[in-house]
Each structure stands twice: as structure tokens, then as C-alpha cells.
Amino acid sequence: MVRSIDKAEKILHGLNSRQRDAVETIDGPVLILAGPGSGKTRVITSRIAYLRHIVGIASFRIAAVTFTNKAAREMKERLSPMLGNDLNSLSVNTFHSFCARILRTEYEHIGINRDFTIYDDADQMSLMKQVLQDINLDPKRFPPRSILSAISGAKSQLIGVSGLSSQSTNYWDEIVARAYERYEEMLISNSAVDFDDLIFKTYLLFRDVPQVARTYQNKFAHLMIDEFQDTNIAQYALAKQVIQETSNICVVGDPDQSIYTWRNADIRNILSFQTDYPSTKIISLEENYRSTQTILDAATSLIKTNTQRVEKDLWTKNGKGNPIIVSETYDEREEAQFVINEIQTLLKSPKNNYNLSDIAVMYRVNAQSRALEESCVRYGMPYQLIGGLKFYQRQEIKDVVAYLRLMINPDDDISLTRIINTPTRGIGQRTLDQVLRMARNKEISIISALRVITSEKHKKEETGLASRPVKALADFLKILDDLTSKKSELNLVDFIDLIMERTGYQRYLMDSANVERRGEERIENIKEFKSTAAEFALLGQQEGLPSFLESVSLISDIDNLKERSEAITLITLHQAKGLEFPVVFIVGMEEGLLPHIRSIDSGDPSELEEERRLCYVGITRAKEQLYLLRAFRRGFRGGSEPSVPSRFLVDIPPSLISPETLTSENRKVTRNSEQKTSLRNRLTSTSTKSSPYSSGNVKKEVTSQVLFQVGDKVNHDIFGKGMVVSVKPSREDSEITVAFDGAGIKRLLQSLAPLNKSE
DNA sequence: CGAGAATAGTTTTTT
DNA sequence: ACTATTCTCG
């Protein structure tokens, strides 16, 4: 008894009274409204430890659901010292992986293959194009993107094909309903599901197969949901099903941080929760432990401008801190230089003792990262870029993934069409069309169609294919069959190597490296891909590949963020949610960018309010120092246009802003010339010598400080020994031409090529 | 059939 | 600016 009180004290130690309340209220529905920096994650993890150690709930009966793998991983890390081995049986997952796991266990009940493939956006797009072709719709009149987003909207509101077609009131709805129907048929025949299906199908499973639902309802005694403001209708409905037995459901969220309604997140869930569970205990966490008073005041002033809002009073015991620095530069290049320059000054100053990892630069759209990246490279500032062109969406990675998917799901026509002629093997559009036609007529998968066509009994009159293409198809089929037969003999990494070799993909990449600059990078990416695969190889030949593929499908870029890396972080405002940094720069504080033009054009005030919340999220990431920057001109799509300061700047009281950076007329007009020249002087006086840098997505040993000269003997990781024949410096890099002893003459980019001086 | 050129369309945010 | 698709020629 005494011991458990000790334990309880230990778990509750350091929590404020409301946090304690949130941890100790374990029976029945709880809604925690958690302001930014209010110790939300600490509450959730303490609550789990409390449930396990004080209440004595078996860990396998506790489930916590998050939105990103990163949040799930962090939660587990924090729980690890408190739970030890219990951690393994605890269920801490993203919504999507939680569902994927259930579906792979219960696949028989929903008539789906155990090894179903999870289609990502690009796969969905290919499939939809196929759908439109099938049902004779012009993709120019009916953009596949729009149709997909309508379908996604339907699925996240639990509306199936019949539901949608019965609801359609106009031509467009009718078109969507028809596309939806065919889309679903094709997903099934491909043994595939999309992201929304993971939730929707799990919901349907529980609704329609009560004995399965009961299994999970009896299993889970407690359910916690993080970032509840981001849930959609389907996710909330599923959560209710799961916890039906006990109603011990605890949701944590902040309506002011709802920034995903465009992705069907439905803030009404917070209201529904209180009506669905009338006995809900509401706990509001309002003490902020993260930011200075100044930053918090700025955030509060900004968010108060929103009308659709529940009042919440944030406060902090932290001191006033530094004023916010608001500045204006000429264009995005100067903006980026200002950022770098300021960071260099911050790092030099001994009083803060900042590290690179303490600093983040945030922006509205990914395209803005470009100017920042260029400046980082130029000034030798190490950075990690989150998002952008995502690793698993790169062409070469998707190609290899397509081959791997086919090894366990040969019905996946989308993957098959992706690689049937990559690298080129004489199967052109005409041939492919014939194959597709046959597959459709016979209602069989493409691979089955290939078997028919290439079988000896098959008469060519049926398809009208000449002998050469048939031979090409037969060769391709043989490659796939050979590889499939080897999959259980080799470990995952060796298997990937075999695929690379047997399909000619390795050769293809090498050749592309000769002509294209990106070829080098592609080879590097495959290396990186294999090193991730290596972790899954440990699971053995049976489980390794499926687990790897699932993780590839469900991973997001934010999951790769490294907390302690020696680099500044470049990140979108959306992805920054849940993170914190001592120093935050928000760039592009301009009308049309933040708020984004689309929210302005929509004429919908709630879209503007979402933009304001996005800005609020950004500001509240900062612990000590906040910069709000804007450019007078901003370039886009080649051109460049003058811009107007963001309306959000006006929401911030001038008293919180550093006077020396405050521009005249409450920042509405450009700075006076004196300030402008002093800024320019500061920018141009910065050193321009280059030094090592890194980008988060592709790890590479950087050799950029090594200077190559014509005549140097060099060694390349892939091409071997050679001699430099020309050096052509470009803006931030050098193009080096090397005559290799074995591999001929290659043009390489210094920053990318694994090239060293050999003596 | 395949490769490169010309052209059209496109971008907010992403599990 | 960047990509995806269509066109054209060997």
C-alpha cells in the first residue's frame, strides 16, 4: 500500500493540479483541452504509467493513438523508463497503423487478401486515371485529383459507394459516384486499399462483424487519442466502437491548433464528444511551460482575432524574454540571407549558447524552402529539410518498391504497369494497351493476362500481338517469376540486390548517372533505402518484406526529423505542429502566402481562420526568440511580384516587437533607406566561404570543401580511379568532369559525387 | 519502339 | 519553375 502511494507520488511529481487531475481521472470519458506547451505529452504518458502501475491495468489493455509515427515513437521513448518490458505489449500507434494491423489479422472477414498493398497518393492518382479511362471520362473535364479528394471526403465521413450515389444531386456528384464505384472495384481487384480505407474498412468490420468487434472491445479497457482536433468523422466513429465496452476514452486536443480541416479533420468531433458522452469530464490545461510571456502574448493576440473559438486563457510563469523581431527584406533571397546571417550571430553570441538544433525556419509552402536551402549551402549552414520531395516518393524508390510489392501481391496492377517497361525492355504503349484490353475483357489481373498471352497454346490472333512483343512480355514475366521464387531464400537486402541486378535496374541507374546529374543521387538513395531495409531483414524471410512495405507506405517525412542533429531545421508550419525550438523564424509573412491565396479567394472566413491558427501554431513553437519575416517582392513560377504584409502581423501588438526592427506605420510600408542600407551592409559583409552541409533526406559524406583541379587523380566509390579533366564552378557547386580508367568520361557534381583525391 | 522535343497544366498544407 | 503528357523522328 505504502509502496503504491510512493509510486503514485513519483508518477505525479512535478505535475500541476490540472495535470494531476487529468492523470488521475481514469474512469469514463475525459476531454483534455491542452494549449500549446501545456505538457500534454507528459500528461498522456503519466496517465498510462498511472493506469499500469497504480490502477493495475494490464498494459496490453491500454491503447494510445497518434497521428504521426514520430509522436508514437516519442511517447514510447518517454514511457520506456516507466514501463520497461510492458512497453512491448502496450498499443501505441498511429490511426493508420493501428487499423492496418487489425485488417491484416481479420482480413478473412472482409474478403481481402492478407498481403494487401497500401496505395499512396501517387498510386491512387494512377488508379484514378485508369478509372476515368475505363468509364470514358475526360480527365481534363474531371480532374483525377478533384475526384480523389471527393472520394476521400466521402470515406472519411463513412459514406460508401451506395451512400454517395443515393445522395448525388447534380452532374458532378453523379460523376464522382460513378468514379467511386469503379475505383472501389479496381482497388479490390488489385488487392489494394487506400489510406482512408484503412479507417473505413476497420469501421465496417466492427460494425458488421460483431464477434470481431467484441474481441477488441474486450481487449481494450482504456483508449487515449492525441491531437483529437485533427480526427475526422470516421476516426472518431472507430474510436467509439473500440471503446464501446468501457467508455474509458480520453481525448486530448486544442481547437486553436486545428489545421487539417482541408484533410477532412472535423472540429465538430470535440462538440460531438461532449454530447455523445454527457458525463465527460473536461480539463483545460492553460499553463504554458514553453514560451516567454512575450511570445505567448503575441500568440494570444493573434488567435483572439478568430471569431469561431472557445476562449482559453494561456499564462506562463516564464519571464518576459526578448522582444519579437519583425523584419522586411527585398525579396526571398535577401530574406534567406537575413535568416542565415541572424543565425550566425545567434550562434556566436555566448550568452545564449544556442546549438544549430535549437533553431527552426518555418514557412507556409514547401516551395519556400528553396531559397533557404540555397542560402544554407552558400553560407555553409548545416540544415535538415523536412518534407519537400519526399524520400519514398522519389522515382527510383517507387520503382524498386513496385518490384517488391509485386513479389507479395502480383495482382497489384498499378505497380506492375509502373515497372513493366522500366528499365525499357521493348514493351511499349501499343503492346501494353493490348495487354490491358485483354485483362479488362477477361476481368483478370495483368499478370494473369501475361500468362495467357505468353502460354504456348495462346493464339496470337486474339491479341494481334507480333512475336517480338510477346517475347518481350515472356521475358518480363520470367524475371518476375524467377525473383518471386527466390524471395524466401534470401534476406531482404540481398533480395533487393538481386532485384536490382536481375531487372536491369542497377545498370539502368548507372547509365542514367552518366547523362543525368540526378543519377548519382539516385544510386545514393537506393543505398539509403537498403539500409532501412536492413532493419527489417532481422524479422526474417517471412515477415521482413511485408513489414518493410507496410512501414514504407505509412511513414511520413516528419518521422525522420532528428532532434539532436547538428543542423538547423527547415520545416512547413503544418509539420511543425507538436515540435518546439528555442529560436523560430517564420518567413513569408505576406498576404497570399500566409494567409494563403486559396483561403482568401475561397471567400470562406473559416478558411482564413484556419490560416490564422496555422500562424498561431508556428508562433507557439518558439520558446525564447521569435522572428517574423516578410519580403517586399516574392518570386513564384519564374516571375516576381510585390507583396503586401500579412494581416496577421497587424494582430500582434507593437509593444511586443523590437523597436529597431519595427518598420514605420506598423510595418505597412517599406523601411526607410537608412535601415535598408545598414541591412544590406550586414548581409554583404558575411563571409561566403563554403563548408560542409547536409540535407536531412539524403545522407552523404560531403566533400565540398575539397577543391579539385584539372589533373588531380581521384577515386570514385562506384567508377573507381580516374583523372579530373575539367572543373566548372557553378553557383554553389562545381561540375567536375573525370576520365575514369574503367568507366569512361563522366560529368559529376562535386557535392553529390562520392569522389576523393586519391593521392 | 524509344528518346528527346515541344507543350500544357500546375501547387497549400499530408496520415 | 517544374512536371507530366503528347508529338515527332530515327
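Throughout, protein chains are lettered first and strands after them, A, B, ... in sequence-line order, and every chain is numbered starting at 1. The figures here come from the full heavy-atom set of this structure, side chains too, leaving out hydrogens, waters and symmetry mates.
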Just how far, in rounded Å, is [atom2] of [N] from [atom1] of [X]?
{"X": "A/F95", "N": "B/dT14", "atom1": "CZ", "atom2": "P", "result": "19 Å"}
{"X": "A/Y616", "N": "B/dT13", "atom1": "OH", "atom2": "C1'", "result": "19 Å"}
{"X": "A/E550", "N": "B/dT15", "atom1": "CD", "atom2": "P", "result": "15 Å"}
{"X": "A/Y363", "N": "B/dT11", "atom1": "OH", "atom2": "C1'", "result": "15 Å"}
{"X": "A/I420", "N": "B/dG2", "atom1": "CD1", "atom2": "P", "result": "11 Å"}
{"X": "A/R145", "N": "B/dT14", "atom1": "CZ", "atom2": "P", "result": "12 Å"}
{"X": "A/L432", "N": "C/dT5", "atom1": "CG", "atom2": "P", "result": "14 Å"}
{"X": "A/Q393", "N": "B/dT13", "atom1": "CD", "atom2": "P", "result": "11 Å"}

May I ask you to check whether [X] and [Y] show a side-chain donor-acceptor distance below 3.5 Å?
{"X": "A/D196", "Y": "A/S152", "answer": "yes"}
{"X": "A/D399", "Y": "A/T422", "answer": "no"}
{"X": "A/D412", "Y": "A/Y119", "answer": "yes"}

* Where the side chain of A/R468 is defined as all heavy atoms beyond and including C-beta, which of B/dT13, B/dC1, B/dA3 is the nearest nucleotide? ->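 Of B/dT13, B/dC1, B/dA3, B/dC1 is nearest to the side chain of A/R468.
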
[N] phosphate, OP1 or OP2, under 4.0 Å from [X] side-chain N/O:
{"X": "A/N421", "N": "B/dG2", "result": "yes"}
{"X": "A/S97", "N": "B/dT15", "result": "no"}
{"X": "A/T431", "N": "B/dC1", "result": "yes"}
{"X": "A/Q575", "N": "B/dT14", "result": "yes"}
{"X": "A/R370", "N": "C/dC2", "result": "yes"}
{"X": "A/N366", "N": "B/dT14", "result": "yes"}

* Asked: Where each residue is assigned the nucleotide of DNA chain B containing its nearest heavy atom, which of A/K140 and A/I427 is assigned the position nearer the 5′ end?
  ->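 It is A/I427, whose closest nucleotide lies nearer the 5' terminus.
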
* 5'-most contact on DNA chain B: A/T572 or A/Q429, nearest heavy atom basis? ->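 On the 5' side of the pair lies A/Q429.
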
* Is A/Y260 stacked on the base of B/dT14, meaning ring centres closer than 5.5 Å and planes within 30 degrees of each other? ->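 Ring-base stacking flag not set for A/Y260 and B/dT14.
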
* salt bridge (Lys or Arg N to Asp or Glu O under 4.0 Å) involving A/E184 - partner list, sequence neighbours excluded ->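 Here the qualifying residues are A/K155.
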
* To do: Could you go through the side-chain hydrogen bond (donor to acceptor under 3.5 Å, both in side chains) check for A/Q229 and A/E227 one step at a time?
  => CA-CA 5 Å; A/Q229 77 281 355; A/E227 307 282 15; 2.8 Å; yes

* Asked: Relative to the ring of A/Y236, is the ring of A/F273 parallel (under 30°), tilted (30 to 60°) or perpendicular (over 60°)?
  ->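 Correct class here is tilted.
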
* Mind checking whether A/F142 and A/W172 have parallel, tilted or perpendicular rings, split at 30° and 60°? ->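 Ring orientation, 0 to 90° scale: parallel.
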
State plainly whether the residues [X] and [Y] are in salt-bridge range, i.e. N to O under 4.0 Å.
{"X": "A/D256", "Y": "A/R309", "value": "yes"}
{"X": "A/E591", "Y": "A/R647", "value": "yes"}
{"X": "A/D254", "Y": "A/K40", "value": "no"}

* Expressed as a whole number of Å, how far does the C1' atom of B/dT11 sit from that of C/dT6? ->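 Between the two C1' atoms, the distance is 22 Å.
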
* Asked: When you measure from every atom of DNA chain B, which of residues 117-131 of chain A have a heavy atom less than 4.0 Å away?
  ->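 Close to the strand are A/D121.
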
* Could you identify which residues of residues 588-598 of chain A place a heavy atom less than 4.0 Å from some atom of DNA chain B, listed by residue number, or say none? =>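 Output list: A/H596, A/R598.
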
* Describe the nucleic acid contact of A/F67 in one word from base, sugar-phosphate, nothing, applying a heavy-atom distance below 4.0 Å. =>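 If one applies the 4.0 Å heavy-atom cut-off, A/F67 turns out to touch the sugar-phosphate alone, with no base involved.
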
